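Quick notes on the structure that follows.
Just so you know, ligand 1 is whichever comes first in the structure, and atom 1 is the first atom listed for that ligand. The figures that follow rest on heavy atoms only: side chains count, while hydrogens, waters and symmetry mates do not. From a predicted model like this one, the values you see are computed outputs, not experimental measurements.
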Amino acid sequence: MNSKVPLPGLDKAHIVERDQHPISRKQIAPNALKVLYRLDEAGFHGYLVGGGVRDLLLGNKPKDFDIATNATPEELKGLFRNSRIIGRRFKIVHISFGREIIEVATFRAHHDAQNEFGDQEHRRKIRGLDSAHSSSGMILRDNVYGGIDEDALRRDFTVNALYYTIDQFKVLDFSSGMEDLRTRQIRIIGDPEERYKEDPVRMLRAIRFSAKLNFTIEQLTRRPFKDLAHLLESISPARLFDETLKLMTGGHAVETFAQLCEFHLGRYLFAPTLEALQQADSTWCNLVDLALANTDTRLAAGKSVTPAFLFAALLWPVLNLRLAQLTTPGATLHQVFILAANQTILKQLDYTAIPKRFTAASREIWELQYRLQRRNRRSIESVFAHPRFRAAYDFLLLREDSGENLDGLGQWWTDFQIGDTKHQMEMINAVSKPRKRRRRRSKLNPPSVPD
Ligand code: ATP
Ligand code: MG
């Protein structure tokens, strides 16, 4: 621990000593600790940072542990056999321990667009040069390494820029992170506009953390949202999908969705839904609200949620509006449905990507809605055996709960599932039309012609 080169920027930290904060080593994932100790033995500086430290300080269970270090990705690769470098925009190293992955990033320096290739003095601590901005100031590549103080200042929010070290178990604060944790505020580091121009997704992240932690978004931090929301158009649909998933499956989808709408950001992720909801009847609004609330409840109970179900619900109003608008003479009901489903999904793909396996499953959930209604022997059996039956049944209940009158269909399927085989057969017989007996026509007695 002692033969290390001194870490640039440490002197800028406000230090919170071990007895001044509640974090104990027992709460930290053993593999994250392993990485910190290995870095230390190899003469590097390693810190726990980000959500892990923030959540521990708040007394919450962290989702994962991120580590920041002065070792470069290549040095990390040499140090950990079980590691690989990922990302281009931000090179980070994933160290795998079985299924657990610890993410390790090298301290980054802030670099502004004007200063890109000049001002050597400004870069005296920088050990690698690999950065790029777009003409609008957006960071395209960010692999310029620096001291820990610089690393702290290029993080998004003050509460995400707290560092925990195994060297006397201190917490280091380079901005107002501890104070903002105390007053429960999400505050962006640096000039808000500039930081959102560098990376517009930070606006979405502010909302995600505010909803998750029940923090308020500090006034200057939220002020530019309305004017800069449009910058989200320049973010790739793939990244917006990732962010949307985090927003919707963080356990606070209801609050998050409300805040996205309140702060004019929602339409950059969910424009088709929001437009459809404006024209739709209240049943569909209820359905979206209920789907979000159910998502939160399921997650709170430790159950899983699938993006396919979530998108099926969010896009249900869009699908139904499309179905009502389509005029396709001569087409079968099924053909119209396929067309409307395609158009609905294509509309959403203009905003967020959705991997094909999820869109395929969303379509199945929709399609099964019709098949759940069509109750004859063959269809009941095939629907019940369908791998997506459970999701489609849950969706059916959601439709009823949101006010759609389906003549007790949900209850019928509930009874069907809990019944034994005999009961199921009785239920099938009760709703199936009796099979017509094929009568053999006798050549001698031709059918009588009705008058
Ligand atoms: P979560 O609990 O969701 O994991 P987190 O704060 O750990 O929250 P991550 O996305 O895991 O969020 O990122 C880890 C850390 O990296 C953040 O806490 C923040 O310090 C930094 N970070 C992540 N994304 C950005 C960004 N777009 N701009 C600046 N800093 C970022
Ligand atoms: Mg994290």
- Query: Salt-bridged, Arg187 to Asp180, with N to O below 4.0 Å?
  - Reply: yes
- Salt-bridge criterion met for Asp156 and Arg202 (N-O under 4.0 Å):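 No, this pair does not count.
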With heavy-atom distances below 4.5 Å as the criterion, would you say the side chains of [X] and [Y] are in contact?
X: Ile67; Y: Val49; answer: no
X: Ser24; Y: Arg18; answer: yes
X: Glu103; Y: His94; answer: yes
X: Ile28; Y: Leu48; answer: yes

- Just wondering, is there an N, O or S atom on Asp64 that's nearer than 2.8 Å to the Mg ion (ligand 2)?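 Under 2.8 Å: Asp64 contacts the Mg ion (ligand 2) through an N, O or S atom.
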Based purely on interatomic distance, does [X] place a nitrogen or oxygen under 3.5 Å from a nitrogen or oxygen of ligand 1?
X: Lys63; answer: yes
X: Gly51; answer: yes
X: Arg202; answer: yes

- Is it true that Phe157 lies under 4.0 Å from ligand 1, counting heavy atoms only?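 So Phe157 does not count as touching ligand 1.
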- If you measure from each heavy atom of Val201 to ligand 1, is any distance below 4.0 Å?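 Not so, Val201 does not reach ligand 1.
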- Identify the closest protein heavy atom to atom 14 (C) of ligand 1: which residue and atom is it, and at what distance?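 Looking only at protein heavy atoms, the one closest to atom 14 (C) of ligand 1 is Asp66 OD2, 3.3 Å.
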- Starting from atom 30 (N) of ligand 1, find the nearest protein heavy-atom neighbour and note its residue, name and distance.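 Sorting protein heavy atoms by distance from atom 30 (N) of ligand 1 puts Asp156 N, 3.1 Å first.
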If the cut-off is 4.0 Å to any non-hydrogen atom of [X], which atoms of ligand 1 fall inside it?
X: Gly50; answer: 18 (O)
X: Lys212; answer: 2 (O)
X: Arg154; answer: 29 (C), 30 (N)
X: Arg208; answer: 3 (O)
X: Asp199; answer: 26 (C), 27 (N)
X: Arg155; answer: 15 (C), 16 (O), 19 (C), 20 (O), 21 (C), 29 (C), 30 (N)

- Task: Consider only side-chain N and O atoms of Ser382 and Arg371, and report whether a donor and an acceptor are under 3.5 Å apart.
- Result: yes
- Message: Nearest non-hydrogen contact with atom 10 (O) of ligand 1 belongs to which option: Arg108, Arg205, Glu198?
- Response: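 Ranked by closest heavy atom to atom 10 (O) of ligand 1, first place is Arg205.
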- Qualifying residue, where the test is ring-ring contact (aromatic ring centres under 6.0 Å, His included) with Phe395 and the options are Tyr370, Phe389, Phe309: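 Option passing the ring-ring contact (aromatic ring centres under 6.0 Å, His included) with Phe395: Phe309.
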- Message: Parallel, tilted or perpendicular, judged at 30° and 60°: which one describes the rings of Tyr47 and Tyr163?
- Response: perpendicular
- Could you check whether the rings of Trp413 and Phe416 sit parallel, tilted or perpendicular, using 30° and 60° as the cut-offs?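 Trp413 and Phe416: perpendicular rings.
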- Message: Can you tell me which N/O/S atom of Asp66 has the shortest distance to the Mg ion (ligand 2)?
- Response: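 Of the nitrogen, oxygen and sulfur atoms in Asp66, the Mg ion (ligand 2) lies nearest to OD2.
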